[in-house]
2 protein chains.
Amino acid sequence: MTIYDIAKKCNVSIATVSRVLNGSDRVSEKTRAKVLAAIKEQDYAPNPFARGLGLDSMKMVGVLCSDVADAFYAKAVSLIEHALQKHNFDVMLSCTGESNGKDIKALRYLMQKHVDAVIIIGTPFAVQGNAAALKKIAEQIPLVAINNNYKLPGTYSIICDEQAGMRNAVYALSNTGCRSILYLYDALTYSGRHKLNGYKQGVLELGLDTQPALTQKTPRTFEAVAAMIHRLLKQKVPFDAILASEDILAVAAQRIARRNNHGVPVIGCNNSIIAECATPTLTSLDNRLDRLCETAIKTIIQLMQSEAPALPSKTVFDANLIERESFQTHKQ
Amino acid sequence: MTIYDIAKKCNVSIATVSRVLNGSDRVSEKTRAKVLAAIKEQDYAPNPFARGLGLDSMKMVGVLCSDVADAFYAKAVSLIEHALQKHNFDVMLSCTGESNGKDIKALRYLMQKHVDAVIIIGTPFAVQGNAAALKKIAEQIPLVAINNNYKLPGTYSIICDEQAGMRNAVYALSNTGCRSILYLYDALTYSGRHKLNGYKQGVLELGLDTQPALTQKTPRTFEAVAAMIHRLLKQKVPFDAILASEDILAVAAQRIARRNNHGVPVIGCNNSIIAECATPTLTSLDNRLDRLCETAIKTIIQLMQSEAPALPSKTVFDANLIERESFQTHKQ
DNA sequence: TTGTATGCGTTATCAA
DNA sequence: TTGATAACGCATACAA
């Protein structure tokens, strides 16, 4: 079934069919009705490739992240897909894996597929060394980053101020009387660096314990976290609170600490479903993923309109500390 | 940059460029090298729409589920995307939401986009009433279902025998001395029905307590589960074990029960990250998502080859009970 | 081994 | 208000 078939059935030209297909008003009501009827009857839909070839667009946006299996990215992709659907855009999902060597290739690949825009969630590849490539891409299609700041002309970054959020978390812990806050993280991505900085800033401002052993890098597995906590306890590193860059690290550390009779206030980050599954339920820094995604879509859509307004190259939302049992129990 | 530009630069015809592009061996080494050099120098990549128009394929497979934010679907999508990437297929993600009214429309939409194949994860829409449409689609492109059984000619279903798995879980609980197993579920999807059947089967076979109050439907929220458990305890419904169709329900129920001094063995299902986050860690029925996805991809790929071999319309994997603390503590 | 010519199904321009 | 026709960029059958 092609536009020719419909045209033939209606005794009109393909131009006319195309016009009703695209909602032109330069068609008489009578012909429109006739064509519409035929389209419906034949269950006809225009060939997207031919359409794409002519318009250089298939109304598709590329969504890039390191791994959708991660709860944070999954939530982001879900929000994005849902929002884009409303605007009649499809999403082409591309996961880079933990940036081994695929790197920016995935983005380049997306470009070759002529997507209409790209949303990059998190830090799927290093920006430095790829700045030129990114800039060139941004000149061709809208490029928006969630939880990363590319600082490149033509790129739009939607971020949560996790640094301030983590600093506030340190203050909150300090208010419960803690002096030695153990900080756990797994990777120094853009987000990871800022969280760590927030922790350091808070600790410094409040004159808390700054010994290096209180800042620990660990893989995101229960075993690794358990081994690390055991080691710290054995070495008598005197932590009286735990702050982590990821809920999962916080949950793991909380359990091990408590099982060793070392119950302390704990705060995680991402406010994922995991936080609610822990016992005690985990206080967590909400990085407003919903707002970030909502803004990203709004930005993308506006940029894709012919007369795009000037948009902020950087949009920042505040993080929000969601207090749950892991924290409240220890409040005075 | 088009194939014409490359041809001109190399003083050859577009046919020759096309040939080296598609790895034909009917090109002299000298020309091939020349063309390849030009392609690289110009960073040229064929226009996917033009290619798609000619071949009626953009090497893209549609992946359909109700919501990627769900840990189970997220994991599945991740596995699928990863595997498809290796075969140079892209994934177009489409989420239906909790089948309100969008229904099978998403699948139809995918077809209009001329995807090369479709993978349906779980139960994004009702099969009954859509059998004809599904059959027609399956005649056109490979259609494989994960954790659903369409029983339609041309469709391929990859399933985990969760019914037997749940039955075994009941046996395992019974072995710890339980007689009244509380069963929690949230929806009677294909998977949901079979899990429930497995529970019923086990209970029946073992002559365990069958009172209706032991089978509870509840939304997937902590509040709802808490309210339900409280109600059961108040009504003195005498459950001495909990089995749930989803890890999240199990985790929620386990916590409330324990807080009311009603610690019982608990088993969830999906063996998601959530199971490890609970305290005590949750015993869970692993439905072998990795195997399911691996098989789905293998099937899809084979079906898309010109000479597709005969493949089983239904492939079944056994579920696997992963024992953790929520169960072992109660073992004799 | 290489080139020519046609088809793929649209959209859009121009003329009627 | 309509129709004829030229792009769009590639693959491929056929000719050389």
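Each chain gets a letter, A, B and so on, in the order its sequence line appears, and its residues count up from 1. Just so it is clear, the structure is predicted and the values come from calculations on it, not from any experiment.
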Query raised in the report: Has A:K59 got more than 12 heavy atoms of other residues, nucleotides or ligands less than 6.0 Å from its NZ?
Result: yes

Whole angstrom value for the distance that separates [atom2] of [N] from [atom1] of [X]:
X	N	atom1	atom2	answer
B:M58	D:dG9	CE	P	15 Å
A:K113	D:dG9	NZ	C1'	15 Å
A:Y4	C:dT11	OH	C1'	11 Å
B:M1	D:dC10	CE	P	11 Å
B:I6	D:dA11	CD1	P	13 Å
B:L55	D:dC8	CG	P	20 Å
B:H114	C:dG9	NE2	P	9 Å
A:K34	D:dT2	NZ	C1'	11 Å

Could you check which of [options] has an atom nearest any side-chain atom of [X]?
X	options	value
A:Y44	D:dA4, C:dT10, D:dT2	C:dT10
B:V27	D:dT1, C:dT2, C:dT11	C:dT2
A:A15	C:dA12, D:dA11, C:dT1	C:dA12
A:N47	C:dT10, D:dT2, C:dT11	C:dT10
A:T16	D:dC10, D:dG3, C:dT11	D:dG3
A:I14	C:dG9, D:dC10, D:dT5	D:dT5
A:V12	C:dT11, D:dG3, D:dC10	D:dG3
A:I3	C:dT10, D:dT12, D:dT2	C:dT10

Report task. Ignoring backbone atoms, test whether A:T2 places a side-chain nitrogen or oxygen under 4.0 Å from the OP1 or OP2 oxygen of C:dG9. Result -> no

Query raised in the report: Are any of B:S18's side-chain N or O atoms less than 4.0 Å away from OP1 or OP2 of D:dA11?
Result: yes

Query - Residue pair B:N147 / B:N287, side-chain donor-acceptor N/O under 3.5 Å - result: no

Query raised in the report: With a 3.5 Å cut-off and no angle check, do the side chains of B:R51 and B:N22 form a donor-acceptor pair?
Result: yes

Hey, does [X] reach any base, or is it just sugar-phosphate, or nothing, if we go heavy atoms under 4.0 Å?
X	result
A:R51	sugar-phosphate
B:D5	nothing
B:S28	sugar-phosphate
A:F49	nothing
B:N22	sugar-phosphate

Query raised in the report: Between B:L53 and B:N11, which is nearer to the 5' end of DNA chain C once each is assigned its nearest nucleotide?
Result: B:N11

Query - Upstream residue (5' side of DNA chain C) when B:R32 and B:G54 are each assigned their closest nucleotide - result: B:R32

Query raised in the report: Starting at the 5' end of DNA chain D, which residue's closest nucleotide do you reach first, A:D25 or B:R19?
Result: A:D25

Report summary line: Walking DNA chain D from its 5' end, the first of B:V17 and A:R26 to be reached, judged by nearest nucleotide, is A:R26

Under the 3.5 angstrom rule, does the side chain of [X] hit a backbone N or O of [Y] as a donor-acceptor pair?
X	Y	answer
A:D5	A:T2	yes
B:D116	B:M60	yes
B:R32	B:S24	yes
B:Q85	A:C95	yes

